[in-house]
Amino acid sequence: MSTNQEYPGLRHLPCVWMRGGTSKAAFFHARDLPAEAEARDRLLLQVMGGGDPRQVDGIGGGHPLTTKIAVISVSGMPGVDIDYLFGQVVLGENRIDYAPTCGNILAAVAPFALEEGLLDCQQDKTRVRIRMVNTGGLCEAWVDTPGGRVNYQGGTRISGVPGTAAPLELHFSNVAGSSCGALYPTGSKRDSFAGVEVTCIDNGMPVVLLRAADLGVSGYESPAELDANQPLKARVEEVRLLAGERMGLGDVRNKVVPKMSLVAAPQDGGAICTRTFIPKICHDAIGVLGAASVATACADPETICRGLVVLPVDGAFSVEHPTGEFTITLRDSGDGAPGIALLRTARPLFKGEVLIA
Ligand code: NQM
């Protein structure tokens, strides 16, 4: 943090605003932030716009997918390059939830680390090994670096983002039970809460899967239609509170996990169709690790997806969502829970200093 010749009455904090997949976050070097968590969060909340749901006095975007924070440092852990701490600013509540990680924002971590000189680019492709500090999970990111520079141009299209960009491969391993301690945290592949049959799963993200039809909807509605359906949302939240407790997450009233995925038969050649509450509003697409958990449940014939899922022949599960689809490739990781591979795109949008009054 510094003051400056310009705007001398304000504090200046280096920041890069990045798109990772279908989300956006403010990226900071851990070295630029207070070491003490309370002081750090006070500062970050001021930066993002505090408890105001519109975040008009900060740089947050007033939506859960655009009010995210990433704190980055070189890792001290053997076999790991970069530590990534994720923070979800909870809209309207003036607090940051560190319970989950975020796979979309993770897609932007490797480009940030390379551009900011935290490690060197290799020729053609650069591997960056990232530790998700929130959950302890590991991810290997492969970045396009022709001539030793990060390339952002390319032909890769991801649903929910206009245009095309350079591909960024993400390989996750050992993320089963990331937050809950077990792939099926309740000890069962099917449970019933408030009269609704569900599958609770955590392969990188705690998710509760519910059949849309069991809740009186088709599962093909738009996010706006589902968000306007107050009785549905109340029912989903009732199930979430009970499921969260049984998943070992405690009282989840004030937590953004577990996510709630309504599932239905695919409509567009995919494996399954989803509408995901994250958890208070419906996602326009689906989160990265959320989709990984859904795909993992689809691959298991004992979950509630049975009868809805169309199994792919090659392990590549196309998870349909409101703005397209997300392909998750499941790989044998040798430890009983599938490893995950997927493609994202990412890029820096703005680099500068945020000003704090
Ligand atoms: O599940 C939204 C997002 C996410 C999280 C959410 C994510 C993930 O789209 O790994 O990416 O579920 O809150 O950014």
Side-chain angles (χ1 to χ4, degrees), residues 17-27 60-70 84-91 93 96-110 130-139 141 158-161 168 170-173 175-176 178-180 201-209 223 226-227 236-237 240 244 249 252 254-262 274-297 317 319 321-328 340-346 349:
W17 189 242
M18 304 225 25
R19 176 180 68 79
T22 50
S23 292
K24 295 194 271 195
F27 275 63
H63 185 281
L65 300 182
T66 55
T67 184
K68 298 179 178 242
I69 285 165
Y84 153 55
L85 174 68
F86 169 71
Q88 177 70 56
V89 178
V90 183
L91 278 180
E93 293 188 25
I96 303 174
D97 192 343
Y98 292 100
T101 184
C102 174
N104 267 311
I105 295 310
L106 184 141
V109 170
I130 301 163
R131 183 169 73 101
M132 295 171 268
V133 174
N134 307 72
T135 59
L138 299 177
C139 178
I158 61 172
S159 300
V161 180
L168 219 146
L170 299 180
H171 298 260
F172 294 90
S173 54
V175 292
S178 63
S179 299
C180 303
I201 190 163
D202 174 7
N203 200 14
M205 181 67 73
V207 176
V208 179
L209 287 86
L226 294 174
D227 279 333
V236 169
E237 184 63 5
R240 195 178 82 87
L249 293 166
V252 297
N254 292 323
K255 294 186 181 156
V256 296
V257 285
K259 313 290 180 184
M260 305 298 282
S261 279
L262 276 50
T274 60
R275 296 291 184 267
T276 303
F277 287 93
I278 57 170
K280 302 283 158 102
I281 68 165
C282 184
H283 202 307
D284 290 322
I286 186 169
V288 168
L289 289 159
S293 288
V294 168
T296 306
F317 286 78
V319 177
H321 57 68
T323 46
E325 70 84 42
F326 191 165
T327 300
I328 303 285
I340 301 149
L342 54 95
L343 269 189
R344 294 276 85 185
T345 64
L349 302 168

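One-based numbering, in listed order, for ligands and for the atoms of each.
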**Study point:** Residue pair H321 / F326, side-chain heavy-atom distance below 4.5 Å
**Key:** yes
Check your understanding: When rounded to the nearest 0.5 angstrom, what is the spacing between CZ in F317 and CD1 in I340?
Key -> 12.0 Å
Study note, to complete from the structure: Applying side-chain hydrogen bond (donor to acceptor under 3.5 Å, both in side chains) to K259 and not counting sequence neighbours gives none
Practice item. Mind running side chain to side chain contact (heavy atoms under 4.5 Å, CB included) on V90 and I96 for me, showing each step along the way? Key: CA-CA 6 Å; V90 183; I96 303 174; over 6 Å; no
Practice item. Answer yes or no: is there a side-chain heavy-atom contact under 4.5 Å between K280 and R240? Key: yes
Practice item. Let me see the working for T345 and R19 under side chain to side chain contact (heavy atoms under 4.5 Å, CB included), right down to the final yes or no. Key: CA-CA 8 Å; T345 64; R19 176 180 68 79; 3.0 Å; yes
Point to revise | Contact residues of ligand 1, where a non-hydrogen atom lies under 4.0 Å away | key: S23, L65, K68, C102, G103, N104, M205, K259, I278, H283, G287, V288, L289, G290
